[in-house]
2 protein chains.
Amino acid sequence: MNIGEVSERAGLPPKTIRYYEDIGLVRPLRSDNGYRAFRESDIHKLAFLGRARTLGFSIEDCRTLLGLYEDETRESAQVKSVAKEHLTAIDSKIAQLKSMRKTLSHLVEACQGDHRPDCPILEDLAKGS
Amino acid sequence: MNIGEVSERAGLPPKTIRYYEDIGLVRPLRSDNGYRAFRESDIHKLAFLGRARTLGFSIEDCRTLLGLYEDETRESAQVKSVAKEHLTAIDSKIAQLKSMRKTLSHLVEACQGDHRPDCPILEDLAKGS
DNA sequence: CTAAAGCTTCCAGTTGCGGGAAGCTCAAGA
DNA sequence: TCTTGAGCTTCCCGCAACTGGAAGCTTTAG
């Protein structure tokens, strides 16, 4: 199967698929004309990667997860460990964003937003809080 | 004042300060020896930038905000507009992360995390939800 | 006088692709 | 059969916002 059809079936842009081959996440065969020839297993892998990326896993995490997926001798504890670390990272990002959000929303509420130059937002940035 | 002292006073790494000069956010003078010579106003600007970055504003937003800060004829509505857009962006990032978090936490809870290979996390990635 | 610290510029790498150029292949219509 | 257009290939640049490191000059401390 050519990359265009694979792109639709896996839900990933052709550019992304080529990139994943570049970095060794998938290894499609090649036809005589030089075109990539994807097997069903490649499509399955690509869809797996797409979903892992949707959950926010880094490419390196995806590589690890894919490796575990294909390793019959894996221990689920290994998978859980990767997922838990990622969950922790997500939590700290959320916390950071919420902190920004809190400060920023206060400032936005305090700002009149009219034609006059006086602005609590700029004042806060200038003086620090 | 040299970059080292400015770095401490503004709370930004020297590399970052040089980068901000590169992209035209600050324009320190130069001493005869070629060293950057920062004025108080430069330090003030850098601290302003540091705080804006802490609130998650992009560099281009920072450039805009700094411009407004130095423009006596600004209207606070302009500042508020930039801040509100950023707030919206933060909100959607939070929403996206929470969505990831929700799915991922369910999966992590469902996974035994023991020595056996069976893993709901991998199963979900393989099949989609 | 020397060594270390601090400054300079420049270049490469990070993450995860996207855009676009140049060029080959293939499928369909006149 | 020829041609056109779509689809495929590789390659390299660019994004955001820096960080790290090399090579080399200046200043400072002992």
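Note: hydrogens, waters and symmetry copies are ignored here, and every other heavy atom, side chains too, is used. So you know, we letter chains A, B, ... as the sequences are listed, proteins then strands, and number each from 1. Treat the numbers as computed from the prediction; the structure is a model and nothing was measured.
Across dG16(C), dC7(C), dT9(C), the shortest atom-to-atom separation from the side chain of Arg30(B) is found for dT9(C).
DNA chain D is contacted by both Gly34(A) and Arg53(B); Gly34(A) maps to the nucleotide lying nearer its 5′ end (nearest heavy atom per residue). Mapping Phe38(A) and Ser58(B) onto DNA chain D by nearest heavy atom places Phe38(A) at the nucleotide closer to the 5' end.
Counting to the nearest Å, the C1' atom of dG16(C) and the CD atom of Glu60(A) are 11 Å from each other. The interatomic distance linking Leu46(B) (CG) with dC18(D) (P) rounds to 12 Å, in whole Å. Atom CE in Met1(B) sits about 16 Å away from atom P in dG6(C), given to the nearest Å. When rounded to the nearest whole Å, the span between CZ of Arg18(A) and P of dG18(C) equals 11 Å. Distance, Leu49(B) CG to dA16(D) C1': 15 Å, rounded to whole Å. As a whole-Å value, the separation of Leu12(A) CG from dC17(C) C1' is 11 Å. Ile17(A) places its CD1 atom 15 Å from the P atom of dG7(D), with the value rounded to the nearest Å. Atom pair Ile3(B):CD1 and dC7(C):C1' shows a separation of 8 Å (rounding to whole Å applied).
Put simply, Tyr20(B) has a side-chain N or O that comes within less than 4.0 Å of OP1 or OP2 on dC18(D). In terms of phosphate contacts, Thr16(A) brings a side-chain nitrogen or oxygen within less than 4.0 Å of OP1 or OP2 of dG18(C). Side-chain nitrogen and oxygen atoms of Arg36(B) include at least one within less than 4.0 Å of the OP1 or OP2 phosphate oxygen of dT9(C). Asn33(A) has a side-chain polar atom (N or O) that falls below the 4.0 Å cut-off from OP1 or OP2 of dC26(C).
By the 4.0 Å N-to-carboxylate-O rule, Asp42(A) lies close enough to Arg39(A) to be salt-bridged with it. A salt bridge links Arg63(A) with Glu60(A): the distance from a Lys NZ or Arg NE/NH1/NH2 to an Asp or Glu carboxylate oxygen falls below 4.0 Å. Using a 4.0 Å cut-off between charged side-chain N and carboxylate O, Glu21(A) and Arg30(A) make a salt bridge. A salt bridge links Glu40(B) with Arg9(B): at least one charged nitrogen is closer than 4.0 Å to a carboxylate oxygen.
Contact annotation: the side chain of Thr73(B) never approaches that of Pro117(A) to less than 4.5 Å [non-hydrogen atoms, C-beta and beyond].
One cannot find a donor-acceptor pair under 3.5 Å joining the base of dG16(C) and the side-chain atoms of Lys15(A). In terms of polar N and O atoms assigned as donor or acceptor, the side chain of Tyr35(A) comes within less than 3.5 Å of the base of dG7(D) in a complementary pairing.
Among the atoms of the strands shown, none is found under 4.0 Å from any heavy atom of Pro14(A).
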